[in-house]
Amino acid sequence: MKSILLSGVFVLGLSMAAYAQEAVIGAILPLSGSSATQGEDQRRGMELALEKINAGGGVLGHPLKIVTEDSGGRTATALDAAKKLVTVDKVPVILGEFSSGITIPIAQYLLQQGRAHINIGSSSTQIRTLGKGAFSVIGLDDVSGTFAAQDVFADGARKVAVIAPNNAYGQGIANAFAAKFKALGGAITSTVLYTEGQTTYRRELQQLGAGAPDLYVYTAYGKESATINRESFELGLNDKKWYGLYLTMCTADSDPQYVEGQIGMDLNYIGGNGADYQKAYEAKYKGGFTSTFNGFAYDGVMLVAAAINKANSLDPQKIETAIAEIGKSYEGATGPIVLDADGQRGAQPYLRLKIESGKAIATQ
Amino acid sequence: MSDFIIHVTIMSGFYALLALSLNLQAGFGGLMNFGQIALFACGTYGAAIAFHFDFGAISGFVLAMFAAALLGWAFASFGRNLQADYWGIVTLALAEVIRIVTTNEDWLTGGAQGIGGIPPLYPGLDSQARQIAILVTVLALVVAAGLLCRHLIGGRYGLSIRMMREEPQLAASLGYDTIALKRQLMAASSVLAAVSGFLFAHYVSFVGPEQIDSSETFLIWAMIVVGGLGNNAGAIVGAFLLQFAFAFIPFVKDWIGPPTEYVAAGRLFLTGGGLIAFILFRQSGIVPERVGGRRYV
Amino acid sequence: MFQFLVDVLMRACDLMLVAIGMSAVYSLMKFPNIALVQYAATGGVLAIALQKAGVPVGVAIIFAVVLTGLLAVILNEFLFNRMLKIGSSTAMIGSLAVSMVFSAAFLVTVGPNPSRFALPVSRPIRILDARITEPQLLGFAIVAAAIGIFAFLYFRTDLGRCMRATSTNEVLADATGIDTGRMKTIIVLISGVMAALGGVAIALKGEVDSQVGMDLLLPVFASAILGGLGNPFGAIAGALLISAAETVVTAVNFGPLMGEVAAFLPVAYASAISFLLLVAALLWRPRGLFVSEVKRV
């Protein structure tokens, strides 16, 4: 009896020790649902980071492992995934998601559970107020709003109408843009927040056109973006210019004929040191970037690995301190990442784009 | 795996409370309530709004119960002369209006974004112990609610409710105020639904309008029909059965390998197909209603 | 102004044919058949799928519509008649279950993304101050033609007379020698065809997805009930009324009142208005605004 007990404790001790030393982190991505294209691209960025890290010996002398869960584009599923990662896989840090409406609740849950959270794809300004332990490697919309407002104002428009989805992302970016545009001296004729999941947006678009703006500012993704672009064409609203916030995301699912001539801004998804990363992506996946988001997922994983090594521990608190430390100046594939006092990326470079013959071309 | 089973059991418990509530209305009272999820919403949003405005959990509970009782009473008061299926359409329409208002009034409900970060039950315990504590609480509640419903329906009140369902004119002629009976029944069962909602909000930590879509009401209907209309044990059985079946669809998906849309389709197919099968072939459900045979005062 | 009229007409056309189908079949079946809106979705989805498979648009539409009508007859024969024998409430729940199975089928075959007819992209036509595209004009034409043909059939032919007789009073019609069984089948077939045509018109004007059927449910009910159940042509007026209410609610510019250039009610409140109209109709005018053949609501 005693020997069984003893050997049991021994085996338990060994497995616990082994378990404790395996470096496992979590990720929640929309691998299915309306943002599946972007989610899959994020996964690719993470996979490239994983390969690079493990080729260099892993973290703390062990291979790094990422447990990826599918959010299905739904908050409830994402929260279930977060619960599982925390209680079953016992990860100290989780990266994700893509949609602000999902990122915020999971971040709130994770912070409550004492884990660290890295935002790799959402930009709602509400993320800034999440609290200690929540970090973003992607610029939030207070930064993008300023850029877009200046761009639109410089284009000559003084009265604009804004349409964005009715969720944390849409509300955040519409407010950020409006505030900055008004500060420059422009006027917003109306803001429409559209409900996702509808098959027609005629009424919303007509409300938008009622104010007779000089230019339309819009942001949308998934099937709704296709519908909005088609119906604005059918209603003749594209007699005026359309400016897309995160233009490639807005036009990815739309028929090229409907979006010809649109202008907009988007993330500058590759920085000075990103050339190697870009080569690796193109080699592995036989083609160019499918979205602008893979680089941020890559940077997120690389940052976490560096933090684990610096903290020399898998304790969430120590990792958080290390991230804040490293984040003071980190060179990522997407450019220099400097985390401010809230843990958010301070400087985010953007591009100006125009759609010509179905492709997004960078302009001045 | 055991964590997962505990989680599914807890969720089944919430649905069992909702099924018991709907069973009181539809199974015993003949009230075809297609707006059940709005009563659940009183519970979830009561908790969420109290958290959002820093009222405290107790106030949230009181708010939830009050709102649910009021809404249930209002449902019962509408359309006193309407036949059951049309009254059902009215409740469906009202529940949808509530959902639309919830989605658009962000200042109150957080809009489409919902309200997140709701603190968990038993905050003092660590996560393993907390799960067990919540499991025990929910199961105890289900048993208590089941016993309460049985007590409610077993006596003279239950007889009057059943008479109101089967022979409303006879009940009226015997002096029963059918409208008052309906209102009491709706108010009581609404409060039960809101209790489920309140605890749900604190368990999932997030409340949003997609949780109160009409398809959720249809799901609860399937649970009580499959389990057996007019039987409390049946309602609980139906809830657990369907919830567990749904929880294992993703695993089946992993084995066979179809795309994720098939999970949602699988749930719908199971619910709809199960309903049709039970309506056609076993109308009394898994646990049939017992007519007579219980002691009546 | 003209754009406003065009919008009202467009929305009304979405609802009209399906509401006519629902009204026509209601008087026969005596229960609200929720699966009817899924016939509309089936018509649209099937026509698009056939066109994708290479069938020319016109032929695809005819095939899709006829197939859906036959499906309606089959479902009626094997499912709804049997459920109706148990009770009208049961039949309503059964029709709900059938519509869930339809949704599952759509998710599995078409997927969650919307589908469209493969029509050439054309600039919209300007008529006065309104913009319409050619497919949308085609949708109007289909609806107008369907109503015209149905009116001719219903009022000018012998068959139509027999149908009206069977709808009004089945027992009496039977006694006068009309083959009510055959009439019922024909009416179910026609209602399925009308609903499917409605779905095709919706698909032509824009796109359809797996949810389009259930999204139509409450507005179509509202139109049919406002027009008077059993009175198919009342449903046309009902559809126009609901459509006008929805369009007015979101087209009124409150901006000048509030000192802004443009301020509107959120578009989601358009559906809320039609739901509230439905509730109002059921509570205060359950017989409909026009003559209703149906005594019981």
Side-chain angles (χ1 to χ4, degrees), chain A residues 30-34 36 39 69-90 99-115 122 124 126-127 129-131 134 164-172 175 193-198, chain B residues 1-8 10-11 44 48 51-52 99-100 102-107 110-120 123 126-132 134 200-213 216 246-247 250 253-254 258-264 267:
Chain A
L31 298 172
S32 63
S34 57
E69 297 288 334
D70 180 13
S71 69
R74 295 185 59 237
T75 314
T77 321
L79 278 171
D80 277 348
K83 257 195 194 95
K84 175 209 175 250
L85 287 169
V86 165
T87 55
V88 176
D89 300 290
K90 305 202 196 310
S99 166
S100 305
I102 297 181
T103 304
I104 293 173
I106 56 178
Q108 285 168 329
Y109 169 74
L110 289 172
L111 294 182
Q112 242 173 38
Q113 302 292 318
R115 311 298 159 112
S122 301
S124 166
Q126 284 182 46
I127 293 174
T129 56
L130 283 171
N166 187 8
N167 57 26
Y169 161 66
Q171 288 162 358
N175 287 340
L193 295 174
Y194 70 83
T195 310
E196 298 172 271
Q198 293 176 196
Chain B
M1 190 56 168
S2 60
D3 285 304
F4 180 68
I5 295 192
I6 292 177
H7 172 68
V8 178
I10 294 176
M11 293 298 277
T44 58
F51 168 69
H52 189 62
R99 185 181 62 82
I100 289 174
T102 306
T103 313
N104 284 288
E105 298 302 313
D106 334 340
W107 56 276
Q113 180 60 19
I115 297 175
I118 300 175
D126 77 81
S127 54
Q128 260 308 86
R130 189 184 296 155
Q131 283 286 90
I132 309 282
I134 296 177
F200 179 87
H202 283 278
Y203 176 66
V204 177
S205 81
F206 163 80
V207 163
E210 66 260 17
Q211 293 164 339
I212 56 175
D213 194 57
E216 293 289 318
F246 285 179
K253 173 191 87 93
D254 285 334
T260 313
E261 282 76 60
Y262 281 54
V263 173
R267 287 190 184 156

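Just the heavy atoms: all of them, side chains too, but no hydrogens, waters or symmetry mates, feed the values below. Below, read A as the first sequence line, B as the second, and so on, with proteins coming before strands; counting in each chain starts at 1.
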Trainee: Report the distance from atom CG of A:D80 to atom CZ of B:F4, rounding to the nearest 0.5 Å.
Mentor: 8.0 Å
Trainee: Examine whether an atom of B:Q128 lies under 4.5 Å from a heavy atom of chain A, and if so say whether it belongs to the side chain, the backbone or both; otherwise answer neither.
Mentor: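 No part of it gets close to chain A.
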Trainee: Counting heavy-atom pairs under 4.5 Å to chain B, which of A:Q108, A:R74, A:E196, A:K84 comes out on top?
Mentor: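 Among A:Q108, A:R74, A:E196, A:K84, the one with the most close pairs to chain B is A:Q108.
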Trainee: In terms of heavy-atom pairs under 4.5 Å with chain A, which of B:E210, B:Q131, B:Q113, B:Q211 leads?
Mentor: B:Q113
Trainee: Check whether A:Q171 gets within reach of chain B through its side chain, its backbone, both or neither, counting any heavy atom under 4.5 Å.
Mentor: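 Side chain of A:Q171 only, per the 4.5 Å heavy-atom cut-off to chain B.
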Trainee: Using heavy-atom distances under 4.5 Å, tell me whether A:K83 contacts chain B through its side chain, its backbone, both, or neither.
Mentor: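 Just its side chain gets close to chain B.
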Trainee: What residue in B:G116, B:S205, B:G111 has the most heavy-atom pairs under 4.5 Å with chain A?
Mentor: B:G116
Trainee: Who passes side chain to side chain donor-acceptor pair (under 3.5 Å) against A:Q126, sequence neighbours left out?
Mentor: none
Trainee: Looking at CG of A:L193 and OG1 of B:T103, how far apart are the two atoms once the value is rounded to the nearest 0.5 Å?
Mentor: 13.0 Å
Trainee: For residues 100-109 of chain A, pull every pair meeting salt bridge (charged side-chain N to carboxylate O under 4.0 Å, His left out), keeping only residues two or more places apart or in separate chains.
Mentor: none
Trainee: If you round to the nearest 0.5 Å, how far is CG of A:N166 from CG of B:N104?
Mentor: 6.0 Å
Trainee: Under a 4.5 Å heavy-atom cut-off, does chain A meet the side chain of B:I115, its backbone, both or neither?
Mentor: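 Nothing of B:I115, per the 4.5 Å heavy-atom cut-off to chain A.
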Trainee: Rounded to the nearest 0.5 Å, what's the gap from CD1 on B:I100 to OG1 on A:T195? Could you check?
Mentor: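 B:I100 CD1 to A:T195 OG1: 9.0 Å, rounded to 0.5 Å.
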